[in-house]
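Read the structure below first, then the notes.
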Amino acid sequence: MPTWPWRAPLQTHPDVVVQDARSADVAELIAFAKQDPVDAALLGEHVEAMSSYGFYRDQLLCIREPHGLTGLCWTGGNLVPLRLSDVAVEAVADHVRRRSRRFSSVVGPAHDVMRLWEAMRGFAPTPRDIRPDQPSMVIDGDPLVVPDPGVCLTSVNDLDLLLPACVAMFTEEVGYSPLTAGGGYERRVRSLVQGGRSLSRIEEGPEGRRVVFKAELGTVALGVTQVQGVWVHPDLRGQGHAVAGMAAVVAYARAQVAPLVSLYVNSYNAPALAAYRRVGFREVGTFATILF
């Protein structure tokens with residue numbers, strides 16, 4: 001008998017069952033995600049947390065076909081699909097429609113994201129942007145350049161400097177200020193600082209102390225650290241801060257957090273791609289993001 005609470009599975013195809021993870025075996029889910037740890041990292045953190053925090057379970061969809069577990073899809077503030085078969089894509093889209101799930105983006109491996117988006121076009125909001133080509137990159141060794149010794153963990157005492165830099169990065173990347181949605185973004189930044197997952201170089205500038213470079217270890221799961229929020233002060237770009245700063249982030253992350261460091265970046269961001277390659281990152285796949 002399934003453990004309580006339990007919901008009857010929604011079946012939108014005779015060979016596919018889409019069911020939330022309330023009665024799932026967490027060890028099975030983690031083992032499945034570890035087959036593609038870089039692709040799975042975005043939802044892997046939530047999967048690993050289920051061992052301690054069961055309330056996440058209703059936000060993770062498990063896709064089962066006759067031969068067992070074949071795919072996952074996180075349905076929190078973002079939709080994050082992983083390894084969806086053609087029939088599973090339709091089943092997940094139908095589940096999202098029936099449950100009126102709210103989400104700000106669809107993000108993950110490009111093959112899954114773009115097919116899920118096609119299945120959702122008839123009922124999803126009009127996207128603000130579609131980014132189908134975001135190289136997924138990793139580094140599993142020492143950086144190829146000397147790390148910036150000035151990059152270190154951000155102090156809670158520097159949150160007043162870090163938050164505007166984070167807001168500027170988000171606004172530049174996404175097109176609107178994250179502060180318009182309430183205090184959630186500020187809490188997220190604070191939690192990353194308090195958790196030892198924010199690194200920055202802060203120094204004196206013409207008008208006082210300022211953030212020169214910053215990045216966050218936004219996701220840590222499955223033996224992978226995914227770097228997010230990389231930003232260099234606009235007045236200081238083109239001076240090598242991104243390369244040396246990212247080298248410092250990689251060195252710290254590999255020594256203190258996880259052996260494999262990953263990130264994904266827009267294909268049109270040539271300066272960022274060049275900087276990451278200089279550090280030693282190599283491309284291993286493609287992500288995609290649909291922004292609403």
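Values below: every heavy atom of this structure, side chains too, minus hydrogens, waters and symmetry copies.
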Applying side-chain contact (heavy atoms from CB on, under 4.5 Å), run through L29 and L72 and close with a yes or a no. CA-CA 8 Å; L29 302 182; L72 298 172; 4.0 Å; yes
Criterion side-chain contact (heavy atoms from CB on, under 4.5 Å) on V212 and I202, from CA distance to verdict: CA-CA 6 Å; V212 174; I202 298 175; over 6 Å; no
Residues at least two apart in sequence or cross-chain that pass side chain to side chain donor-acceptor pair (under 3.5 Å) with R128, listed by chain then number, are none
Judged by modelled atom types alone, do Q134 and T286 share a side-chain donor-acceptor pair under 3.5 Å? no
Can you tell whether the side chains of R121 and E118 come within less than 4.0 Å, N to carboxylate O? yes
Between S104 and N78, does a side chain to side chain donor-acceptor pair (under 3.5 Å) hold up when you go through it step by step? CA-CA 6 Å; S104 61; N78 305 313; 2.9 Å; yes
For R197 and E45: C-alpha separation, side-chain torsions, deciding distance, then whether salt bridge (charged side-chain N to carboxylate O under 4.0 Å, His left out) applies. CA-CA 14 Å; R197 290 168 56 175; E45 196 165 42; 3.1 Å; yes
Donor-acceptor side-chain pairing of S85 and T70 below 3.5 angstrom: no
Answer yes when R210 and E204 have at least one side-chain N-carboxylate O distance shorter than 4.0 Å, and no when they do not. no
Between Q59 and T75, do the side chains contain a donor N or O and an acceptor N or O under 3.5 Å apart? no
Any carboxylate oxygen within less than 4.0 angstrom of a Lys/Arg side-chain nitrogen, looking at D140 and R282? yes
Assess whether a salt bridge exists between D39 and R83, defined as any Lys/Arg side-chain N lying under 4.0 Å from an Asp/Glu carboxylate O. no
Pairing of E216 and R190 as salt bridge, 4.0 angstrom limit: no
W117/F292 aromatic ring centres below 6.0 Å: yes
Connected to V146, directly or through other members, by ILVMFWY side-chain contacts below 4.5 Å are none
Hydrophobic cluster membership, V265 vs V107, 4.5 Å side-chain cutoff: no
When you group the ILVMFWY residues by side-chain heavy-atom contacts below 4.5 Å and let the links chain together, are V145 and V249 in the same group? yes
Hydrophobic cluster membership, F213 vs L153, 4.5 Å side-chain cutoff: yes
Polar contact flag, side-chain donor to acceptor under 3.5 angstrom, H241-R237: no
Any salt bridge linking D148 with R201? Criterion: basic side-chain nitrogen under 4.0 Å from a carboxylate oxygen. yes
Relative to F287, does R131 satisfy both conditions: NZ or CZ under 6.0 angstrom from the six-membered ring centre, and within 45 degrees of the ring's axis? no
Under the ring-ring contact (aromatic ring centres under 6.0 Å, His included) test, residues paired with F170 that sit two or more places apart: Y176, Y185
Keeping the roles fixed (side chain from R254, backbone from P259), state whether a donor-acceptor pair exists under 3.5 Å. yes
If you count heavy atoms of other groups shown closer than 6.0 angstrom to CD of E186, is the number above 12? no
When you check the gap from the basic side-chain N to the acidic O, do E28 and K34 get nearer than 4.0 Å? no
